[in-house]
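What you see below is based on every heavy atom in this structure, not just the backbone, and it leaves out hydrogens, waters and symmetry mates. Sequence positions, counted from 1, serve as the residue numbers for this chain.
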Amino acid sequence: MTREPLAAAPELRKRLLRMIPKALISIALLAMAFSSVDAAGAVSVLTALPAWAWLLGALLLVAQLPQLALRWVLVLRASRLEIKYADAATFTFIGYFFNQVLPTSVGGDVMRAYLAWRGGIGFRPALTSVFLERASGMALLVLFSFLLLRHPPVPLNYGFDHHDVLLLVGIVSILGMALVAGLARLTEGVQSENRAAQLLADLGQQFQALIAAKSILSAVVLLGATSAVTGACSVFLAAKVLGLPLDFYQVLGITSLAIVLTVIPISVAGWGVREFVLIWLMTPLGVPPETALGISIWFGLVSILAAIPGGLLWLKPGSARQTNVLNGQGRR
(Lines give C-alpha, C1' and ligand atoms only; values in the text may rest on other atoms or scores of the structure.)
Protein backbone atom coordinates (compact mmCIF):
# COMPACT_ATOMS: atom_id res chain seq x y z
CA MET A 1 0.00 0.00 0.00
CA THR A 2 1.35 3.40 -0.95
CA ARG A 3 1.21 6.46 1.26
CA GLU A 4 1.67 8.76 -1.75
CA PRO A 5 -1.52 10.82 -1.25
CA LEU A 6 -0.66 11.41 2.40
CA ALA A 7 2.69 12.96 1.56
CA ALA A 8 1.02 16.37 1.32
CA ALA A 9 -0.21 16.25 4.94
CA PRO A 10 2.67 18.42 6.27
CA GLU A 11 1.62 21.03 3.71
CA LEU A 12 -1.80 21.47 5.34
CA ARG A 13 -0.81 24.68 7.11
CA LYS A 14 0.54 26.16 3.88
CA ARG A 15 -2.66 25.24 2.08
CA LEU A 16 -4.74 26.88 4.78
CA LEU A 17 -2.63 30.01 4.41
CA ARG A 18 -3.20 29.91 0.65
CA MET A 19 -6.94 29.94 1.33
CA ILE A 20 -6.73 33.43 2.80
CA PRO A 21 -5.94 35.30 -0.45
CA LYS A 22 -8.70 33.41 -2.28
CA ALA A 23 -11.20 34.24 0.45
CA LEU A 24 -10.15 37.89 0.32
CA ILE A 25 -10.54 37.93 -3.47
CA SER A 26 -14.04 36.45 -3.23
CA ILE A 27 -15.04 38.97 -0.55
CA ALA A 28 -13.58 41.87 -2.54
CA LEU A 29 -15.28 40.80 -5.78
CA LEU A 30 -18.63 40.34 -4.04
CA ALA A 31 -18.30 43.73 -2.36
CA MET A 32 -17.50 45.35 -5.72
CA ALA A 33 -20.45 43.61 -7.37
CA PHE A 34 -22.91 44.71 -4.69
CA SER A 35 -21.54 48.25 -4.64
CA SER A 36 -21.89 48.62 -8.41
CA VAL A 37 -25.57 47.62 -8.61
CA ASP A 38 -28.77 48.06 -6.64
CA ALA A 39 -28.05 45.69 -3.74
CA ALA A 40 -31.67 45.73 -2.60
CA GLY A 41 -32.73 44.66 -6.09
CA ALA A 42 -30.30 41.75 -5.99
CA VAL A 43 -31.63 40.61 -2.62
CA SER A 44 -35.22 40.93 -3.87
CA VAL A 45 -34.44 38.28 -6.50
CA LEU A 46 -33.79 35.78 -3.73
CA THR A 47 -37.14 36.49 -2.11
CA ALA A 48 -38.98 36.56 -5.46
CA LEU A 49 -38.01 32.96 -6.21
CA PRO A 50 -40.48 30.61 -4.49
CA ALA A 51 -39.43 27.69 -2.32
CA TRP A 52 -40.26 25.17 -5.04
CA ALA A 53 -37.83 26.94 -7.40
CA TRP A 54 -35.05 26.63 -4.82
CA LEU A 55 -35.82 22.92 -4.36
CA LEU A 56 -36.15 22.16 -8.07
CA GLY A 57 -33.02 24.15 -8.87
CA ALA A 58 -31.05 22.12 -6.32
CA LEU A 59 -32.50 18.84 -7.63
CA LEU A 60 -31.44 19.73 -11.18
CA LEU A 61 -27.88 20.27 -9.98
CA VAL A 62 -28.02 16.99 -8.06
CA ALA A 63 -29.22 15.29 -11.26
CA GLN A 64 -25.90 16.20 -12.89
CA LEU A 65 -23.89 14.09 -10.48
CA PRO A 66 -25.01 10.58 -11.55
CA GLN A 67 -24.15 11.59 -15.13
CA LEU A 68 -20.69 12.77 -14.09
CA ALA A 69 -20.17 9.54 -12.15
CA LEU A 70 -21.02 7.46 -15.22
CA ARG A 71 -18.68 9.60 -17.34
CA TRP A 72 -15.89 8.90 -14.86
CA VAL A 73 -16.62 5.15 -14.93
CA LEU A 74 -16.36 5.19 -18.72
CA VAL A 75 -13.08 7.14 -18.71
CA LEU A 76 -11.61 4.53 -16.37
CA ARG A 77 -13.06 1.66 -18.40
CA ALA A 78 -11.35 2.92 -21.54
CA SER A 79 -8.05 2.29 -19.72
CA ARG A 80 -9.23 -1.11 -18.47
CA LEU A 81 -9.67 0.20 -14.95
CA GLU A 82 -12.87 -0.75 -13.18
CA ILE A 83 -14.81 0.99 -10.45
CA LYS A 84 -18.32 0.11 -9.34
CA TYR A 85 -20.84 2.68 -10.45
CA ALA A 86 -22.25 2.90 -6.92
CA ASP A 87 -18.80 3.77 -5.59
CA ALA A 88 -18.17 6.27 -8.39
CA ALA A 89 -21.51 7.95 -7.67
CA THR A 90 -20.78 8.11 -3.94
CA PHE A 91 -17.33 9.59 -4.53
CA THR A 92 -18.75 12.08 -7.04
CA PHE A 93 -21.39 13.29 -4.58
CA ILE A 94 -18.73 13.66 -1.88
CA GLY A 95 -16.42 15.43 -4.33
CA TYR A 96 -19.17 17.89 -5.23
CA PHE A 97 -19.64 18.61 -1.54
CA PHE A 98 -15.95 19.42 -1.17
CA ASN A 99 -16.06 21.57 -4.31
CA GLN A 100 -18.51 23.79 -2.45
CA VAL A 101 -16.63 23.98 0.86
CA LEU A 102 -13.02 24.12 -0.33
CA PRO A 103 -11.40 27.31 -1.68
CA THR A 104 -11.36 26.02 -5.25
CA SER A 105 -13.92 24.38 -7.51
CA VAL A 106 -11.55 21.48 -8.23
CA GLY A 107 -10.71 20.46 -4.66
CA GLY A 108 -13.45 17.88 -4.74
CA ASP A 109 -11.83 16.26 -7.76
CA VAL A 110 -8.74 15.53 -5.68
CA MET A 111 -11.02 14.07 -3.01
CA ARG A 112 -12.66 11.84 -5.62
CA ALA A 113 -9.25 10.55 -6.68
CA TYR A 114 -8.27 10.03 -3.05
CA LEU A 115 -11.40 7.99 -2.32
CA ALA A 116 -10.94 5.95 -5.50
CA TRP A 117 -7.36 5.22 -4.43
CA ARG A 118 -8.59 4.05 -1.06
CA GLY A 119 -11.10 1.88 -2.90
CA GLY A 120 -8.37 0.05 -4.79
CA ILE A 121 -7.39 2.07 -7.87
CA GLY A 122 -3.83 3.33 -8.11
CA PHE A 123 -3.63 6.96 -7.00
CA ARG A 124 -2.02 8.31 -10.18
CA PRO A 125 -4.50 6.59 -12.53
CA ALA A 126 -7.35 7.71 -10.28
CA LEU A 127 -6.16 11.32 -10.28
CA THR A 128 -5.52 11.45 -14.03
CA SER A 129 -8.88 9.83 -14.77
CA VAL A 130 -10.64 12.53 -12.74
CA PHE A 131 -8.64 15.20 -14.56
CA LEU A 132 -9.50 13.68 -17.94
CA GLU A 133 -13.17 13.38 -17.02
CA ARG A 134 -13.26 17.03 -15.91
CA ALA A 135 -11.29 18.19 -18.96
CA SER A 136 -13.70 16.47 -21.35
CA GLY A 137 -16.56 18.36 -19.73
CA MET A 138 -14.70 21.68 -19.82
CA ALA A 139 -13.95 21.21 -23.53
CA LEU A 140 -17.67 20.86 -24.26
CA LEU A 141 -18.49 23.92 -22.15
CA VAL A 142 -15.97 25.99 -24.11
CA LEU A 143 -17.57 24.74 -27.34
CA PHE A 144 -21.06 25.65 -26.11
CA SER A 145 -19.79 29.10 -25.20
CA PHE A 146 -18.41 29.63 -28.71
CA LEU A 147 -21.54 28.40 -30.43
CA LEU A 148 -24.22 30.00 -28.25
CA LEU A 149 -22.77 33.37 -27.22
CA ARG A 150 -22.34 34.90 -30.63
CA HIS A 151 -24.68 37.85 -31.13
CA PRO A 152 -25.98 39.77 -28.10
CA PRO A 153 -29.00 41.96 -29.00
CA VAL A 154 -27.33 45.08 -27.59
CA PRO A 155 -23.66 46.14 -27.54
CA LEU A 156 -21.59 45.34 -24.49
CA ASN A 157 -20.86 48.30 -22.25
CA TYR A 158 -17.36 47.13 -21.43
CA GLY A 159 -13.91 47.79 -22.80
CA PHE A 160 -13.73 44.32 -24.34
CA ASP A 161 -16.15 41.99 -26.05
CA HIS A 162 -17.03 38.59 -24.62
CA HIS A 163 -15.83 37.12 -27.91
CA ASP A 164 -12.33 38.22 -26.88
CA VAL A 165 -12.66 36.15 -23.71
CA LEU A 166 -14.10 33.21 -25.65
CA LEU A 167 -11.20 33.37 -28.08
CA LEU A 168 -8.70 33.56 -25.22
CA VAL A 169 -10.35 30.65 -23.39
CA GLY A 170 -10.35 28.61 -26.59
CA ILE A 171 -6.71 29.33 -27.37
CA VAL A 172 -5.60 28.59 -23.81
CA SER A 173 -7.65 25.37 -23.78
CA ILE A 174 -6.19 24.15 -27.08
CA LEU A 175 -2.64 25.09 -26.13
CA GLY A 176 -3.08 23.51 -22.70
CA MET A 177 -4.34 20.23 -24.16
CA ALA A 178 -1.59 20.24 -26.78
CA LEU A 179 1.03 20.90 -24.11
CA VAL A 180 -0.25 18.13 -21.86
CA ALA A 181 -0.48 15.72 -24.80
CA GLY A 182 3.04 16.63 -25.92
CA LEU A 183 4.55 16.28 -22.47
CA ALA A 184 2.67 13.02 -21.96
CA ARG A 185 4.14 11.67 -25.20
CA LEU A 186 7.65 12.75 -24.15
CA THR A 187 7.34 11.08 -20.77
CA GLU A 188 5.71 7.91 -22.10
CA GLY A 189 7.74 4.90 -21.09
CA VAL A 190 10.25 7.02 -19.22
CA GLN A 191 11.06 5.83 -15.73
CA SER A 192 11.24 8.87 -13.50
CA GLU A 193 10.91 9.63 -9.82
CA ASN A 194 9.37 12.98 -10.70
CA ARG A 195 5.68 12.82 -9.78
CA ALA A 196 4.69 15.36 -12.40
CA ALA A 197 6.34 13.26 -15.11
CA GLN A 198 4.61 10.14 -13.82
CA LEU A 199 1.22 11.89 -13.80
CA LEU A 200 1.75 13.16 -17.34
CA ALA A 201 2.68 9.68 -18.53
CA ASP A 202 -0.48 8.21 -16.96
CA LEU A 203 -2.56 11.04 -18.39
CA GLY A 204 -1.16 10.47 -21.88
CA GLN A 205 -1.89 6.76 -21.71
CA GLN A 206 -5.47 7.33 -20.51
CA PHE A 207 -6.07 10.01 -23.12
CA GLN A 208 -4.87 7.74 -25.94
CA ALA A 209 -6.98 4.85 -24.59
CA LEU A 210 -10.07 7.09 -24.48
CA ILE A 211 -9.54 8.32 -28.04
CA ALA A 212 -9.06 4.75 -29.24
CA ALA A 213 -12.29 3.55 -27.60
CA LYS A 214 -14.70 5.25 -30.02
CA SER A 215 -17.93 4.04 -28.45
CA ILE A 216 -16.81 5.04 -24.96
CA LEU A 217 -15.60 8.41 -26.23
CA SER A 218 -18.99 9.05 -27.83
CA ALA A 219 -20.76 8.21 -24.57
CA VAL A 220 -18.40 10.51 -22.63
CA VAL A 221 -19.15 13.38 -25.01
CA LEU A 222 -22.90 12.71 -24.82
CA LEU A 223 -22.83 12.66 -21.02
CA GLY A 224 -20.87 15.91 -21.03
CA ALA A 225 -23.59 17.51 -23.14
CA THR A 226 -26.49 16.17 -21.07
CA SER A 227 -24.90 17.19 -17.76
CA ALA A 228 -24.26 20.72 -19.09
CA VAL A 229 -27.87 20.98 -20.24
CA THR A 230 -29.12 19.69 -16.88
CA GLY A 231 -27.14 22.30 -14.97
CA ALA A 232 -28.26 25.10 -17.32
CA CYS A 233 -31.88 24.08 -16.69
CA SER A 234 -31.44 25.26 -13.10
CA VAL A 235 -30.54 28.82 -14.18
CA PHE A 236 -33.16 28.77 -16.95
CA LEU A 237 -35.77 27.86 -14.34
CA ALA A 238 -34.91 30.96 -12.33
CA ALA A 239 -34.91 33.09 -15.48
CA LYS A 240 -38.40 31.92 -16.45
CA VAL A 241 -39.83 32.38 -12.96
CA LEU A 242 -38.48 35.95 -12.98
CA GLY A 243 -39.78 36.56 -16.51
CA LEU A 244 -36.37 37.39 -17.99
CA PRO A 245 -35.88 37.75 -21.78
CA LEU A 246 -33.51 34.80 -22.11
CA ASP A 247 -33.92 31.68 -24.19
CA PHE A 248 -32.44 28.36 -23.18
CA TYR A 249 -29.57 28.48 -25.65
CA GLN A 250 -28.42 31.82 -24.24
CA VAL A 251 -28.60 30.45 -20.71
CA LEU A 252 -26.61 27.36 -21.72
CA GLY A 253 -23.91 29.54 -23.27
CA ILE A 254 -23.81 31.85 -20.25
CA THR A 255 -23.60 29.07 -17.68
CA SER A 256 -21.00 27.21 -19.76
CA LEU A 257 -18.62 30.17 -19.85
CA ALA A 258 -19.30 30.99 -16.19
CA ILE A 259 -18.38 27.45 -15.11
CA VAL A 260 -15.20 27.50 -17.20
CA LEU A 261 -14.06 30.81 -15.71
CA THR A 262 -14.91 29.86 -12.11
CA VAL A 263 -12.62 26.83 -12.39
CA ILE A 264 -9.71 29.30 -12.32
CA PRO A 265 -8.45 28.87 -8.72
CA ILE A 266 -8.49 32.49 -7.56
CA SER A 267 -11.59 32.47 -5.37
CA VAL A 268 -13.55 30.34 -2.92
CA ALA A 269 -15.76 27.95 -4.92
CA GLY A 270 -16.06 30.55 -7.68
CA TRP A 271 -17.79 33.15 -5.47
CA GLY A 272 -17.24 36.65 -6.81
CA VAL A 273 -15.97 35.48 -10.19
CA ARG A 274 -19.33 33.94 -11.07
CA GLU A 275 -21.18 37.09 -10.05
CA PHE A 276 -19.11 39.33 -12.30
CA VAL A 277 -19.35 36.88 -15.21
CA LEU A 278 -23.16 36.65 -15.01
CA ILE A 279 -23.56 40.43 -14.74
CA TRP A 280 -21.17 40.87 -17.66
CA LEU A 281 -22.96 38.35 -19.90
CA MET A 282 -26.61 38.88 -18.91
CA THR A 283 -26.74 42.69 -18.94
CA PRO A 284 -26.34 42.99 -22.75
CA LEU A 285 -29.18 40.48 -23.12
CA GLY A 286 -31.63 42.79 -21.39
CA VAL A 287 -31.25 41.54 -17.82
CA PRO A 288 -30.82 44.28 -15.18
CA PRO A 289 -27.41 43.95 -13.47
CA GLU A 290 -28.96 43.63 -10.01
CA THR A 291 -31.13 40.77 -11.29
CA ALA A 292 -28.10 39.03 -12.80
CA LEU A 293 -26.29 39.41 -9.48
CA GLY A 294 -29.29 38.01 -7.61
CA ILE A 295 -29.46 34.99 -9.91
CA SER A 296 -25.76 34.36 -9.41
CA ILE A 297 -26.10 34.49 -5.62
CA TRP A 298 -29.16 32.22 -5.85
CA PHE A 299 -27.24 29.74 -8.00
CA GLY A 300 -24.37 29.69 -5.51
CA LEU A 301 -26.75 29.04 -2.62
CA VAL A 302 -28.63 26.37 -4.58
CA SER A 303 -25.27 24.71 -5.33
CA ILE A 304 -24.64 24.51 -1.59
CA LEU A 305 -28.08 22.93 -1.10
CA ALA A 306 -27.25 20.41 -3.83
CA ALA A 307 -24.03 19.54 -1.99
CA ILE A 308 -25.88 18.45 1.16
CA PRO A 309 -26.33 14.80 0.01
CA GLY A 310 -22.58 14.54 -0.53
CA GLY A 311 -21.92 15.92 2.94
CA LEU A 312 -24.33 13.40 4.44
CA LEU A 313 -22.61 10.57 2.56
CA TRP A 314 -19.26 11.77 3.88
CA LEU A 315 -20.52 11.82 7.46
CA LYS A 316 -22.63 8.66 7.25
CA PRO A 317 -21.44 5.89 9.61
CA GLY A 318 -19.87 3.09 7.61
CA SER A 319 -19.37 5.36 4.60
CA ALA A 320 -16.39 5.25 2.25
CA ARG A 321 -14.74 7.85 4.48
CA GLN A 322 -14.79 5.51 7.47
CA THR A 323 -14.44 2.08 5.89
CA ASN A 324 -11.82 2.95 3.28
CA VAL A 325 -10.18 6.20 4.30
CA LEU A 326 -9.98 5.89 8.08
CA ASN A 327 -9.06 2.23 8.01
CA GLY A 328 -6.45 2.86 5.32
CA GLN A 329 -7.69 0.26 2.85
CA GLY A 330 -6.40 0.60 -0.67
CA ARG A 331 -3.73 -0.62 -2.99
CA ARG A 332 -1.48 0.83 -5.58
To the nearest 0.5 Å, tell me how far [X] [atom1] sits from [Y] [atom2].
{"X": "L60", "Y": "T230", "atom1": "CG", "atom2": "OG1", "result": "7.5 Å"}
{"X": "F98", "Y": "F93", "atom1": "CZ", "atom2": "CZ", "result": "15.0 Å"}
{"X": "L70", "Y": "L223", "atom1": "CG", "atom2": "CG", "result": "5.0 Å"}
{"X": "I279", "Y": "T291", "atom1": "CD1", "atom2": "OG1", "result": "10.0 Å"}
{"X": "E82", "Y": "L76", "atom1": "CD", "atom2": "CG", "result": "8.0 Å"}
{"X": "R124", "Y": "S129", "atom1": "CZ", "atom2": "OG", "result": "13.0 Å"}

Please check if L140 and V229 belong to a single hydrophobic cluster, counting links between Ile, Leu, Val, Met, Phe, Trp and Tyr side chain heavy atoms closer than 4.5 Å.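 Looking at the clustering, V229 is in the same group as L140.
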Examine V43 and W271 and state if one hydrophobic cluster contains both, with Ile, Leu, Val, Met, Phe, Trp and Tyr joined whenever side-chain heavy atoms are less than 4.5 Å apart.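 Cluster IDs for V43 and W271 differ.
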Does T226 have any side-chain hydrogen bond (donor to acceptor under 3.5 Å, both in side chains) partners at least two apart in sequence or in another chain, and if so, which?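 Testing T226 for side-chain hydrogen bond (donor to acceptor under 3.5 Å, both in side chains), a comparison that skips the adjacent residues, returns Q67.
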Identify, with sequence neighbours excluded, every residue that meets side-chain hydrogen bond (donor to acceptor under 3.5 Å, both in side chains) alongside Q64.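 Counting only residues at least two positions away or on another chain, Q64 forms no side-chain hydrogen bond (donor to acceptor under 3.5 Å, both in side chains).
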For the pair [X] (side chain) and [Y] (backbone), establish whether a donor and an acceptor sit closer than 3.5 Å, ignoring hydrogens and angles.
{"X": "K240", "Y": "L246", "value": "yes"}
{"X": "Q208", "Y": "Q205", "value": "no"}
{"X": "D109", "Y": "V130", "value": "no"}
{"X": "S44", "Y": "G41", "value": "yes"}
{"X": "S145", "Y": "L141", "value": "yes"}
{"X": "T262", "Y": "I259", "value": "yes"}

Does [X] have any side chain to side chain contact (heavy atoms under 4.5 Å, CB included) partners at least two apart in sequence or in another chain, and if so, which?
{"X": "A209", "value": "S79"}
{"X": "A307", "value": "Y96, F97, Q100"}
{"X": "A219", "value": "L74"}
{"X": "I308", "value": "L305, L312"}

Is the shortest heavy-atom distance from the side chain of [X] to the side chain of [Y] under 4.5 Å?
{"X": "P66", "Y": "Y85", "answer": "yes"}
{"X": "Y114", "Y": "L127", "answer": "no"}
{"X": "W298", "Y": "W54", "answer": "yes"}
{"X": "L242", "Y": "I295", "answer": "yes"}
{"X": "I83", "Y": "V73", "answer": "yes"}
{"X": "F207", "Y": "I211", "answer": "yes"}
{"X": "I254", "Y": "V235", "answer": "no"}
{"X": "L237", "Y": "W52", "answer": "yes"}

Would you name the heavy atoms of [X] and [Y] that are closest together and state the gap between them?
{"X": "A232", "Y": "V251", "value": "O-CG1, 3.5 Å"}
{"X": "G286", "Y": "P288", "value": "O-CD, 3.7 Å"}
{"X": "A292", "Y": "L278", "value": "CB-O, 3.8 Å"}
{"X": "L210", "Y": "A78", "value": "CA-CB, 3.9 Å"}
{"X": "W72", "Y": "A126", "value": "NE1-O, 4.4 Å"}
{"X": "G122", "Y": "P125", "value": "O-CD, 3.2 Å"}

When Ile, Leu, Val, Met, Phe, Trp and Tyr are grouped by side-chain heavy atoms lying under 4.5 Å apart, directly or through other members, which residues fall in the same group as L55?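 Grouped by the 4.5 Å side-chain rule, L59 form the rest of the cluster around L55.
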Test: ring-ring contact (aromatic ring centres under 6.0 Å, His included). Region: residues 212-249. Which pairs qualify, not counting sequence neighbours?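 Residue pairs passing ring-ring contact (aromatic ring centres under 6.0 Å, His included), neighbours aside: F236-F248.
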Got a sec, which pairs hit ring-ring contact (aromatic ring centres under 6.0 Å, His included) with one end in residues 209-230, sequence neighbours left out?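 Residue pairs passing ring-ring contact (aromatic ring centres under 6.0 Å, His included), neighbours aside: none found.
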For [range], which residue pairs qualify under salt bridge (charged side-chain N to carboxylate O under 4.0 Å, His left out), counting only residues two or more places apart or in two chains?
{"range": "residues 23-38", "answer": "none"}
{"range": "residues 268-291", "answer": "none"}
{"range": "residues 50-76", "answer": "R71-E133"}

Take L61 and S303 through the test side chain to side chain contact (heavy atoms under 4.5 Å, CB included) and record every step on the way to the result. CA-CA 7 Å; L61 295 182; S303 298; 3.5 Å; yes
